[in-house]
There are 2 protein chains.
Amino acid sequence: MRGMSLRMALLGLLTASGPASGYDLTKRFESSVNHAWHAGHSQIYPELAKMAAEGLVTVGEEGPRGRKTYTVTEEGSRLLHDWLVTKENFRPVRDEGALRAFLLPLLEPEESVALLRREAEAYAARLAGLEALWQVKQGSGFGTYALDLGIRQLRMMRDWAGETADRIEHAARG
Amino acid sequence: MRGMSLRMALLGLLTASGPASGYDLTKRFESSVNHAWHAGHSQIYPELAKMAAEGLVTVGEEGPRGRKTYTVTEEGSRLLHDWLVTKENFRPVRDEGALRAFLLPLLEPEESVALLRREAEAYAARLAGLEALWQVKQGSGFGTYALDLGIRQLRMMRDWAGETADRIEHAARG
DNA sequence: TCCTTCATGTAACCTGTTACATGATTCC
DNA sequence: GGAATCATGTAACAGGTTACATGAAGGA
């Protein structure tokens, strides 16, 4: 089995914050795990159905408006634990930002510099968002480790973009 | 059009290192752009065919063993340039490492620590690979900016894993 | 002759994206 | 009554993975 990530994210959210509907999970994704793994409702609903069919979750009674509540089973719990502990995580890299970095020398120096400055700003803006979240959470709570990682990531990229722009500018003038 | 990355990587390699066959490009991918964007031959061959059909590249005479040589056209060149200069790059995040970080609190402290130590080592090993490459290239040449980015990335992840392990260990004891 | 490398592809499958589609409930 | 939000889904398509399949050329 290859891409179990969506499954694991769902099992994780259900474990951490308790039983929920597909709708709830879609919201939880947006507000918590989204900066680590993105998924929309059109992916979540069918995945929950499959997971129920495979016994990883159970579906409760239908509530108002057809609401279905999912709960993790023993088997789901075990699977998540095993995945976390066991799985070697080196899937092939596919990073559009890095690809653009790779191709950067194909641009004129002024073009590259302008691009990098723009990107540095964009990274800084996203960074500000995550840092605000960090403030709110006071550096504790469920998503903290991932949030820390995300912040470090954006800081690194902002710095890389800025310093690379400086380097190119310097080389073009000097 | 959404995922133009493979296309752009191919146009970029053809621009930077000259006309090549699908086979050559597969090799070039492995040895240069692989740490930024991965693709195998089964993706590259059909993509080149599509690109030829759309006039982004031309196919030369067949060489020995059915070898086909591709060359970038004006149109391909323009497309690549526009993509680099214009495109806003914020595709949704989908980072398995970050997801695992998010789910980390579901493990027992000792399990998390063991996992993070293992990961820190793995990052360090990959880092050593890229740093060796950097030494070879003496910090210059076509892929340099991306290589720099890759190195910063791995350093950051290694540090994050190590420091997070320390933090958890400290909290569990103290 | 045999092995390796060069060289091309296809097919089935899984994951993710975008757009379409529907309807109940609650609040103003 | 009308708008927002709750709540579920499907379908067509694009992108990526794995495995299968074939054969020519070159070197030991």
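Values reported hereafter were calculated over all heavy atoms of this structure, with side chains retained and with hydrogens, waters and symmetry mates removed. Keep in mind that this is a model prediction, so the values were computed, not measured. Letters A, B, ... are given to chains in the order of the sequence lines, protein chains preceding strands, and every chain is numbered from 1.
- One atom, CG of A/Leu48, and another, P of D/dT8, lie 9 Å apart when rounded to the nearest Å.
- If you look at A/Tyr23 and A/Tyr45, their ring centroids are not closer than 6.0 Å.
- Not one N or O on the side chain of A/Ser17 forms a donor-acceptor pair closer than 3.5 Å with the backbone of A/Leu14.
- Salt-bridge check for A/Glu131 with A/Arg126: failed, with every basic side-chain N at 4.0 Å or more from each acidic carboxylate O.
- Contact check, B/Tyr45 against C/dG9: no side-chain N or O comes under 4.0 Å of OP1 or OP2.
- Closest to the side chain of B/Tyr70, from the set C/dA7, C/dG9, D/dA7, is C/dG9.
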Contact letters for nucleotides 16-28 of chain C, in which S counts primed atoms plus P, OP1 and OP2 and B counts the base, heavy atoms under 4.0 Å: SBBB----BS---
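- Put simply, CG on B/Asp24 is 13 Å from C1' on C/dT8, counting in whole angstrom units.
- Rounded to a whole Å, the CZ atom of B/Arg67 is 15 Å from the C1' atom of D/dG26.
- You'll find the side chain of B/Ile168 stays beyond 4.5 Å of the side chain of B/Glu110, heavy atoms only.
- Closest to the side chain of B/Lys68, from the set D/dA7, C/dG9, C/dA7, is C/dG9.
- A/Leu25 places its CG atom 12 Å from the P atom of D/dG9, with the value rounded to the nearest Å.
- Across all strands, B/Gly63 comes closer than 4.0 Å to no nucleic acid atom at all (heavy-atom distances).
- Rounded to whole Å, the distance from NZ on A/Lys50 to P on C/dC13 is 13 Å.
- Residues passing the side chain to side chain contact (heavy atoms under 4.5 Å, CB included) test with A/Arg117 are A/Val113, A/Ala165, A/Asp166, A/Glu169, sequence neighbours excluded.
- With rounding to whole Å, B/Ile44 atom CD1 is found 15 Å from D/dG15 atom P.
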B/Lys87 vs B/Asp82, test: salt bridge (Lys or Arg N to Asp or Glu O under 4.0 Å). Steps then yes/no. CA-CA 8 Å; B/Lys87 209 207 163 200; B/Asp82 289 358; over 6 Å; no
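- The CZ-P distance, from A/Arg28 to D/dA7, rounds to 12 Å in whole Å.
- When the side-chain nitrogen and oxygen atoms of B/Lys27 are compared with OP1 and OP2 of C/dA7, none of them lie within a distance under 4.0 Å.
- Considering only heavy atoms from C-beta on, A/Lys68 stays 4.5 Å or farther from A/Ser21 through its side chain.
- Atom CD of B/Glu62 and atom C1' of C/dT8 are 9 Å apart (whole Å).
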